[in-house]
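Encoded as structure tokens, the structure appears first; notes follow it.
When a ligand or atom number is given, it counts from 1 through the structure's own listing order. Sequence positions, counted from 1, serve as the residue numbers for this chain. Because only heavy atoms are used, hydrogens play no part in the values below, and waters and symmetry mates are left out as well, while side chains stay in.
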Amino acid sequence: MIEFKNVTKTYANGVKGLNNISIDIQDGEFVSIIGLSGAGKSTFLRSINRLNDISEGEIIIDGKSLTKANKKELKLIRRNIGMIFQHFNLVKKMTVQKNVISGRLGYYSTMKSIFGVFSKEDYQLVNESLELVGLSDKLHSRCDELSGGQQQRVSIARTLVQNSSIILADEPVASLDPITTERIMDDLKRINNEYNRTIIINLHSVELARKYSTRIIGLRNGEVVFDGAAAEATDEV
Ligand code: ADP
Ligand code: ADP
């Protein structure tokens with residue numbers, strides 16, 4: 001479970017990216033964060049793995065304080081949180097297989113030979129994940145040979161092998177066409193259903209959020225203006 005307790009994030013210029021937010025997200029939820037540009041969606045998401053430090057309040061993940069965690073504790077908490085970005089964050093010159101297997105790195109404390117440490121099981125997981133996103137035939141392709149949608153599916157597969165129970169997706173479909181978008185959302189929905197991962201995704205489209213998620217949190221000026229069942233959200237959220 002993720003708990004936000006009176007969380008405020010004030011940037012150096014005085015802007016409140018988040019303003020006194022208190023919410024809980026349960027395991028296995030598929031939550032869409034909705035709001036116009038500047039509403040605080042990225043700030044919200046980035047607070048959950050502490051890419052952003054908050055200014056006031058506390059965030060608790062599975063009973064442990066993220067806010068008070070020291071370096072070592074933070075590393076452990078982050079191991080359980082995967083992230084998918086708008087621009088994929090893949091190593092483009094490397095193969096799909098290498099990019100996906102890098103999701104396993106969190107399990108190895110030594111990185112003497114980054115790509116020598118993986119086990120048979122790791123490679124098996126890579127194959128399974130690529131099968132789920134429909135890219136088995138691209139195992140040995142370089143990522144820069146793939147379309148944007150395919151690259152995003154590679155990054156989903158990478159998150160899957162990380163085996164984190166929480167997946168954060170920061171506008172993962174913002175630069176993709178409608179058909180590719182549905183494909184990506186379908187993949188995330190399957191990961192939510194079949195692997196019971198908690199998914200928290202930033203989206204611009206309320207329509208997409210209603211179709212795929214169980215819950216919608218609407219933000220405006222860093223405040224929660226809607227929080228409820230996805231089906232009940234109106235276009236004005
Ligand atoms: P969204 O993801 O919904 O577009 P953001 O979380 O990126 O919104 O931003 C929320 C507010 O915080 C906006 O007003 C934005 O300009 C501001 N903001 C975001 N990052 C910074 C920063 N590093 N410094 C100052 N203000 C920021
Ligand atoms: P996106 O729309 O893709 O989320 P943004 O333009 O909101 O991208 O933000 C890009 C980067 O700039 C982020 O790291 C964000 O924190 C930072 N940023 C956003 N707004 C501001 C701002 N007003 N001042 C300083 N940095 C900002």
Side-chain angles (χ1 to χ4, degrees), residues 2-25 29-61 66-67 69 74 77-78 81-90 148-149 151-152 155-156 159 164 166-178 180-181 184-185 188 192 197-230 232-237:
I2 301 166
E3 300 166 74
F4 273 61
K5 295 189 182 299
N6 303 102
V7 172
T8 293
K9 164 70 179 179
T10 310
Y11 284 106
N13 57 2
V15 171
K16 286 194 189 319
L18 300 177
N19 192 356
N20 197 25
I21 291 191
S22 294
I23 53 148
D24 293 345
I25 295 174
E29 283 196 83
F30 191 137
V31 182
S32 292
I33 312 297
I34 293 288
L36 299 175
S37 192
K41 303 183 296 296
S42 282
T43 306
F44 180 86
L45 214 66
R46 292 163 63 92
S47 299
I48 298 174
N49 57 3
R50 235 172 89 180
L51 283 176
N52 263 346
D53 274 314
I54 58 172
S55 317
E56 291 166 59
E58 189 172 16
I59 298 172
I60 297 168
I61 298 182
L66 176 71
T67 314
L74 181 61
I77 296 174
R78 279 187 176 153
I81 302 175
M83 188 136 181
I84 296 168
F85 301 89
Q86 181 181 345
H87 299 293
F88 325 131
N89 283 33
L90 300 170
Q151 291 187 50
Q152 193 57 293
S155 77
I156 290 173
T159 310
S164 56
I166 299 167
I167 295 177
L168 309 176
D170 197 1
E171 307 212 12
V173 294
S175 55
L176 303 174
D177 65 75
T180 310
T181 291
I184 299 286
M185 295 301 293
L188 290 172
N192 175 246
R197 308 286 168 84
T198 306
I199 310 254
I200 308 173
I201 179 171
N202 286 351
L203 287 172
H204 272 107
S205 156
V206 183
E207 206 184 316
L208 270 186
R210 270 199 299 259
K211 181 167 174 191
Y212 288 97
S213 44
T214 51
R215 173 179 175 188
I216 290 178
I217 296 174
L219 296 180
R220 194 178 301 151
N221 298 325
E223 292 179 25
V224 174
V225 292
F226 177 89
D227 182 6
E232 285 162 21
T234 62
D235 290 344
E236 280 74 47
V237 160

Give the atom numbers and elements of ligand 1 that come within less than 4.0 Å of a heavy atom of [X].
{"X": "S37", "result": "4 (O)"}
{"X": "A39", "result": "1 (P), 3 (O), 8 (O)"}
{"X": "S42", "result": "1 (P), 2 (O), 6 (O), 7 (O)"}
{"X": "N13", "result": "25 (C), 26 (N)"}
{"X": "T43", "result": "5 (P), 6 (O), 9 (O), 10 (C)"}
{"X": "L36", "result": "3 (O)"}
{"X": "K41", "result": "1 (P), 2 (O), 3 (O), 4 (O), 6 (O), 8 (O)"}

Go through the steps to decide whether L18 and F44 satisfy the test side chain to side chain contact (heavy atoms under 4.5 Å, CB included), and finish with yes or no. CA-CA 7 Å; L18 300 177; F44 180 86; 3.9 Å; yes
Kindly indicate, with the supporting measurements, whether the criterion side chain to side chain contact (heavy atoms under 4.5 Å, CB included) is fulfilled by I33 and L203. CA-CA 6 Å; I33 312 297; L203 287 172; over 6 Å; no
For atom [atom1] of [X], decide whether the heavy atoms of other residues, nucleotides or ligands shown that lie under 6.0 angstrom number more than 12.
{"X": "E58", "atom1": "CD", "answer": "yes"}
{"X": "L36", "atom1": "CG", "answer": "no"}
{"X": "R220", "atom1": "CZ", "answer": "no"}

Flag G17 as yes when one of its N or O atoms lies below 3.5 Å from any N or O atom of ligand 1, and as no otherwise. no
When you measure from atom 8 (O) of ligand 1 to each heavy atom in G40, A12, G14, which option holds the nearest one? G40
If you apply the rule salt bridge (Lys or Arg N to Asp or Glu O under 4.0 Å), what do you find for R46 with D53, and how did you get there? CA-CA 8 Å; R46 292 163 63 92; D53 274 314; over 6 Å; no
Identify the heavy atoms of I23 and R215 that sit nearest to each other, and give their distance.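 For I23 versus R215, the nearest heavy atoms are CB-NH2, 4.2 Å.
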